[in-house]
Amino acid sequence: MASEIPAELVSEEMEKRKKDEDVAQTSFAGDNAARCASDVQTLNISAQGGSNVNTPVLSYNTVERDIHITTHNHYHGAGTSTATQPAEEQDTTSIITEYKESIQSSYEKVKEYNRLPGENVLLTERYTELLMVECHREPGEKEKEMRARGEQHQEVLKSAANSKITVDQLFRPNDRGSAPKAVILQGNSGYGKSFTAQRIMLDWASGTLFKDSFDLVLHLKCKEINEIAEECSLVDLLKYSPDFTSDTADVLRDPKKKLLILVDGFDELRISVEDDKSPPPKDPFEKAPVQATLKALLVGHILRKCKLLLTTRSTATKKLSDLVTGSQRFVDILGFDEESVKEYLHRFFCDKRRVDEVFQRVKNNETLYTACFIPIICWVTCTVFRDQIQEGAHITTELETTTSIFSHFVSTLHEHHSQDLSLSVPDLLSSLGQLAEKGMQEKRVLFSKEGVLSVVSDPDKVPFLCKFLVKKKVKQEEMFSFMHLSFQEFFTALHYILDRDGEKLKRLLKSYTRGYWQSHRQPVIQFLFGLVNTELIDELGDPQLKRSIRSHLEEWIKKRIQHVKNNRDDNWTLFIFHCLYELHEKKFIGKAIDEWGSLSFQRTSLTRMDCWVLCYCLLCCSTFKRLEFNRCHLTDEMLRMLQPALSKCEELRLQVCNLTDSSCSFLAAALRSNSSSLRHLHLNYNTQLG
């Protein structure tokens, strides 16, 4: 058994042996046994503290077999250009296999926002592929996407799919045959960045992703780095992941291993990496201030040959891009497209019948359907619907409103993605509302950085805002926006709710009272009616203010109903019904519509959402005197949606085109059998007219 001896003694002994041409006796510590030099099988020479070792010249074959030279505190491992022989040959394959098994066990389940202790779901049963594009979009494209709703919005997303890229293509070579050193994966809060990072780790460990590209994939979570105060090496930082062990760290010493480090959530760092002036560590085992260690990884001072995959919110993309050296690929997560929404619903609900019902319910509502391209909104929607279905709510009449879904989203995002904000909830919502309302007044959805800073003190940390870069001649300009116009409308409504003296709300409603029709303000007022019936306003802690606003809105809507009774206007009629639906107070709605008495829609193109809203509101009544639809482009599907409410009418007149005989016969039979109120039914249909 060989033991290490100081380099100086070994050198002197070798010189003496060479000079006298005799075989000297060498004393080895450890076993205190004297051995003849000719019997030495292994000679280990160690230079402590970084000193240099001059390899002795061995002559006359006196020393045979293996010579191992170990140099401490000088690392040349995976991803570096200078290789060194490790102290002992290790079976890195078995170490990596054990690491993969540990990753599979740790990453196979996902923790949802509302989970109870120990309550998780399988990642493979929940993760749905996201639409990712390899491009920077122009302001015009961004604005078009933000203003589009429903199916039109999905068409806009499809046009961006020309630059689509999938996870397995992230490190593919470009047209010139060059693969990127780093990939920056950008997405707004709630768009699934961390979900994607977890799926990448699981798929690599399972052997279905990057199988031939990377021998080792490591996960560095920036949220965990924030809690570290002492100096750390890169290996120390990686050890905050329970799957990364000392054995895994030893693999970094192997220069032949292809390495990928996944830096997740760069925008969540509280430390300033880019401004750090500390001396960079020279290897992943050297301790340094946390920001210096992380910066050394990003700029390539350590592990130069390793690849980087970095996730961040759009607000930190430029900062990250300026830090990372080498060739980069920029990938933007746009969220779900229509097929992804369907797939997510199928993964969420086991019952296919429920999937079809919920998807139709979502698609009927243009605002909600548009918002569901954001994965976290899709999750909120599914969660709310599932809970209500389990409680016995009827999916066609009793599910929550668009406003309630948006309120759940705001609460969830603030709780889980706003930890670094010093603002209170009311102050944050007030600032965002002020910015949103200003944009509504000026009819714009894109904001300059200066304009945002005048209202929101630290927009980079606000999860409800998006940031992107725009080329302006020879420079770049930062622009901000809300996630979509519908969120801007929602925060505008919040601004009116939080206005203490209520003057802004009064001016808004008064402009409608005068008959001035502002179509772009219509969703804002609908959100106002919904907000006075949500838990979000309760969290702001002023029930008296809420009661005052509610009373004001109810009084206003009663006057609007009286106006429409005297001056028939189908646009106003539908608008009022949508406001009542968002209010979702059955007693108030029933009383208001009972006083209405009769409704007549003449050649008005109704949507599926219009029919849904009419059905809900009419079902709040005891009976309804008279209802007429004349050439309103009602389809078989729409009539079936309306059928429960139509049974509430005493007199019903339907003039419908493009219906089948069987469909009309079914409707007539259903109305007669299910209605105790119906006295007169006039059903006139034509299968030939368009």
Side-chain angles (χ1 to χ4, degrees), residues 148-152 360 363-367 369 512 515-523 525-526 557 560-582 589 592-593 595-619 621 623-668 670-671 675 677-690:
R149 298 180 192 267
E151 294 181 358
Q152 183 186 4
Q360 199 58 54
K363 195 169 182 179
N364 288 343
N365 186 334
E366 278 197 340
T367 302
Y369 182 48
Y512 274 81
Y516 177 48
W517 183 257
Q518 305 173 77
S519 58
H520 73 289
R521 295 270 188 178
Q522 183 176 332
I525 294 182
Q526 290 172 200
I557 202 76
R560 292 296 86 212
I561 290 173
Q562 288 299 319
H563 173 80
V564 173
K565 283 177 64 176
N566 300 327
N567 305 276
R568 191 182 70 80
D569 186 324
D570 288 355
N571 286 329
W572 265 106
T573 300
L574 286 172
F575 173 50
I576 289 171
F577 270 91
H578 279 273
C579 290
L580 292 173
Y581 176 77
E582 290 299 320
I589 294 171
I593 296 181
E595 294 177 1
W596 204 323
S598 63
L599 282 174
S600 177
F601 294 96
Q602 300 291 331
R603 298 181 181 273
T604 301
S605 293
L606 298 176
T607 66
R608 291 190 299 267
M609 186 60 188
D610 293 333
C611 295
W612 191 285
V613 166
L614 286 169
C615 182
Y616 173 82
C617 292
L618 291 172
L619 284 174
C621 307
T623 59
F624 196 72
K625 292 180 182 178
R626 184 177 182 276
L627 182 60
E628 179 180 4
F629 295 98
N630 184 10
R631 303 290 181 88
C632 293
H633 299 94
L634 293 175
T635 63
D636 288 23
E637 178 192 4
M638 291 178 181
L639 283 171
R640 290 177 186 271
M641 290 171 61
L642 285 167
Q643 186 268 318
L646 298 181
S647 300
K648 289 274 189 177
C649 299
E650 293 181 3
E651 181 180 350
L652 177 62
R653 292 178 175 271
L654 291 173
Q655 178 141 349
V656 195
C657 303
N658 285 339
L659 294 184
T660 62
D661 291 333
S662 60
S663 179
C664 287
S665 299
F666 168 82
L667 177 63
L671 289 172
S675 175
S677 306
L678 189 62
R679 299 289 182 267
H680 303 284
L681 172 61
H682 304 272
L683 181 56
N684 186 1
Y685 66 96
N686 190 324
T687 58
Q688 302 300 319
L689 296 178

Looking at every non-hydrogen atom in both residues, tell me the closest pair between [X] and [Y] and how far apart they are.
| X | Y | value |
| --- | --- | --- |
| Cys615 | Leu642 | N-CD2, 4.3 Å |
| Leu614 | Ala645 | O-CB, 4.5 Å |
| Tyr369 | Glu151 | CE2-N, 4.0 Å |
| Asn630 | Gln602 | ND2-OE1, 2.7 Å |

Side chain to side chain, [X] and [Y], heavy atoms closer than 4.5 Å:
| X | Y | value |
| --- | --- | --- |
| His633 | Ser605 | yes |
| Ile561 | Val564 | no |
| Lys625 | Glu651 | no |
| Met609 | Tyr581 | yes |
| Pro523 | Thr367 | no |
| Arg608 | Gln360 | yes |

### Query
So Phe629 and Phe601, would you call those rings parallel, tilted or perpendicular, with 30° and 60° as cut-offs?
parallel
### Message
Could you check whether atom CZ of Arg603 has more than 12 heavy atoms from other residues, nucleotides or ligands sitting under 6.0 Å from it?
### Response
no
### Query
Does atom NZ of Lys363 have more than 12 heavy-atom neighbours, drawn from other residues, nucleotides or ligands, at distances under 6.0 Å?
yes
### Message
Go through it in stages, so that I can follow the logic: the residues are Thr573 and Thr604, the test is side-chain contact (heavy atoms from CB on, under 4.5 Å), and I'd like the CA-CA distance, side-chain angles, deciding distance and then a yes or no.
### Response
CA-CA 11 Å; Thr573 300; Thr604 301; over 6 Å; no
Can you tell me how far the [atom1] atom of [X] sits from the [atom2] atom of [Y], to the nearest 0.5 Å?
| X | Y | atom1 | atom2 | answer |
| --- | --- | --- | --- | --- |
| Leu580 | Ile589 | CG | CD1 | 5.5 Å |
| Leu654 | Leu627 | CG | CG | 7.5 Å |
| Phe624 | Leu619 | CZ | CG | 12.5 Å |
| Cys611 | Leu606 | SG | CG | 5.5 Å |
| Glu582 | His578 | CD | NE2 | 9.0 Å |
| Glu637 | Leu639 | CD | CG | 10.5 Å |

### Query
Is a salt bridge present between Glu628 and Arg653, judged by a nitrogen-to-oxygen distance below 4.0 Å?
no
